[in-house]
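For reference, the structure discussed in these notes is given below.
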Amino acid sequence: MSEQPNPSPLDSFNPEIVKRVLETVLLTTQDPLPLSELKKLFNDELSAEVLRRLLEELREEWTTSGIELVTVAEGWRFHTKPEMQPFLDRLNPLKPPRYSRAVLETMAIIAYRQPVTRGDIEAIRGVTVSSAIIKTLEARGWIDTIGHRNVPGRPALFATTKKFLNDLSLRTLEELPPLEELGSLVDSTRNQEIFPDDEAATPVT
Amino acid sequence: MSEQPNPSPLDSFNPEIVKRVLETVLLTTQDPLPLSELKKLFNDELSAEVLRRLLEELREEWTTSGIELVTVAEGWRFHTKPEMQPFLDRLNPLKPPRYSRAVLETMAIIAYRQPVTRGDIEAIRGVTVSSAIIKTLEARGWIDTIGHRNVPGRPALFATTKKFLNDLSLRTLEELPPLEELGSLVDSTRNQEIFPDDEAATPVT
Amino acid sequence: MNQLIDSVEKHPVARICGQPLMEIPQDLYIPPEALEVFLDTFQGPLDLLLYLIRKHNLDIRDIPMAELTRQYMAYVTAMRVDQLELAAEYLLMTALLIEIKSRMLLPNPSSQTEEADDPRAELVRRLLEYEQMKLAAFKLNELPQAERDFALVQVWIEKSISSHPPQVNVDDLRNAWVTLLTRTRINRHHHISRESLSVRAHMSQILRHLHDREMVEFYELLSPGANVPEVVVIFLALLELAREMLVEITQSEAFGIIYVRATESIAA
């Protein structure tokens, strides 16, 4: 690599050329690229400010095409617009896995209650959580072990990864859909007595 | 997402839209795509002639950018122009390239179902397996031909090699993840209405 | 608390049992013949209980406990073999409901005003928390997901071919297989049977062996130190190869030498 001549700084600083370089690099990389990486392309001689502005311009330029430039947890990346999916499916009828409810519920509990142990997940779901479920989510790169709870058995504590956010096009966990408020289980018009949970949610009795 | 409506033929036949679809598909696929595959995008309703002309137009449109549309033995694909290499080299650590899903699935089938012919692989994947995929795996030294099935055409039987085991840090094939447990992890019924979620999903009050 | 007990008495059990049996169970008992469907449909006793409460206005205080218990015991007996763990979880839930009912039938004078002593409170809390997560899972699944709902862009870098070959790990293969499995479940034309991998591996091994030599004697395929399971697997591999017409097995006379040869060498 070192034998390659360095591009002249003059060229690199021409905004159009900078944009073409950014575009090329982003088009070749599936993983999102953070600004810190993108700065390296120009030997850190362009400010994050300038790069962000040029990336926004690039985003504009691509709006009429079938792919779009987005920011996710780990940085900038291109992905296809949803309306292109039917075409992509025709070429590739291969469907990535649609997870079972057991996997999805486990994922939701880890996402919203992290860090949690397998025991915590089982307590909420009321059933055993198989290792295969955990493995599936780990293999997808959506969860990992971030430590162990200091109780007998030292169970692993699971949390979501950056890849989880990336794959759902989220920048932070705060962008997850908000949880439903806990409501009540009993029809309040039929049952006179008060449940602890009722007070918060029921408008009438 | 099989529930996605098919794009209307009218839209697909607008040359600009056809070009946007071709562009999108080619930007998401590392493996070169032959015209026969690209025709599938439009339900084989566009002639090779028309597609070739539109691809040539697309090639023209891309000449000023950092990547170019080229034809190689196996078909059409985008790749980076040489002058972009110095910039790509500055990104480090260089993200290791990844095999396409087609290659990975073919590899998985050979690993789990060996000895198999190309026809066997196609039967499981439901799509054509290009020679490029087989060549990629052979060139890597992960599979080889261990015989031929005694049926018309005498297709080659593929199996995994020692190098495959070495490169994946496995001692024997039995160390591959067992398949039995995987079945329960995917959503076996794609119809949502089978689940009682619909009722439960009504807002809790 | 008196009010609570009064209301229990005011609501007859018949309210939940009066409805005709539909495809979804009306109470916590799962008819054995429908078991597989329901176990697939519900994630466990909490899920089922939640469904019954939401759908049929089941009152968790008014479940016909004696009948339910009797049914459950029969069910657990029937399911002892393959679903014992799940059966145990349903049983545990039944026990909890019975405990709740019994505690509510007994006036507890010492805690007239304590809401915390309502035996249902903990169960209600758990049900609501589970429901919250269930809804969250549903919404999470609705979010556009990489690979499923959109593709990532990746243009080929010419240079990368020779310098760094892509790395693959076991998880990649596993994921690839899950994908295949999903697809084959959707298009039912292709069946991936669940043969032991070791049989497939030995099939390859035998074919490799036959690749160099036209014909081998059966016993040569069994390595001298092979243990019983290995011999069985090798034998199964040979049978499978014969079934797939990849080898031909011949024996000219009873108890004579069994020869194995690749069918391609016959054709060649």
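Please read these numbers as outputs of a predicted model, since none were measured by experiment. Chain identifiers are assigned alphabetically (A, B, ...) following the order of the sequence lines, protein sequences preceding nucleic acid strands; residue numbering begins at 1 within each chain.
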Would you indicate whether A:Arg154, at its atom CZ, is surrounded by more than 12 heavy atoms from other residues, nucleotides or ligands within a distance under 6.0 Å?
yes
Residues of residues 136-143 of chain B under 4.5 Å from chain A (heavy atom pairs)?
none
A:Lys40 and B:Arg90 have their tightest heavy-atom pair at O-CD, 3.5 Å
Residue of the set A:Val25, A:Thr28, A:Thr24 for which side chain to side chain contact (heavy atoms under 4.5 Å, CB included) holds with B:Met84
A:Thr24
Is chain B contacted by the side chain of A:Ser65, its backbone, both, or neither, given a heavy-atom distance below 4.5 Å?
both
Given a strict heavy-atom distance threshold of 4.5 Å, which part of B:Glu37 is in contact with chain A: side chain, backbone, both, or neither?
both
B:Lys81, NZ atom: more than 12 neighbouring heavy atoms under 6.0 Å
yes
Rounding to 0.5 Å, atoms CZ (B:Arg20) and CD (A:Glu83) come to a distance of 13.0 Å
Interatomic distance, CG@A:Leu91 vs CG@B:Leu26, rounded to 0.5 Å, equals 9.0 Å
Closest approach of B:Leu41 to A:Phe87 (non-hydrogen atoms, all atoms of both residues)
CD2-O, 3.3 Å
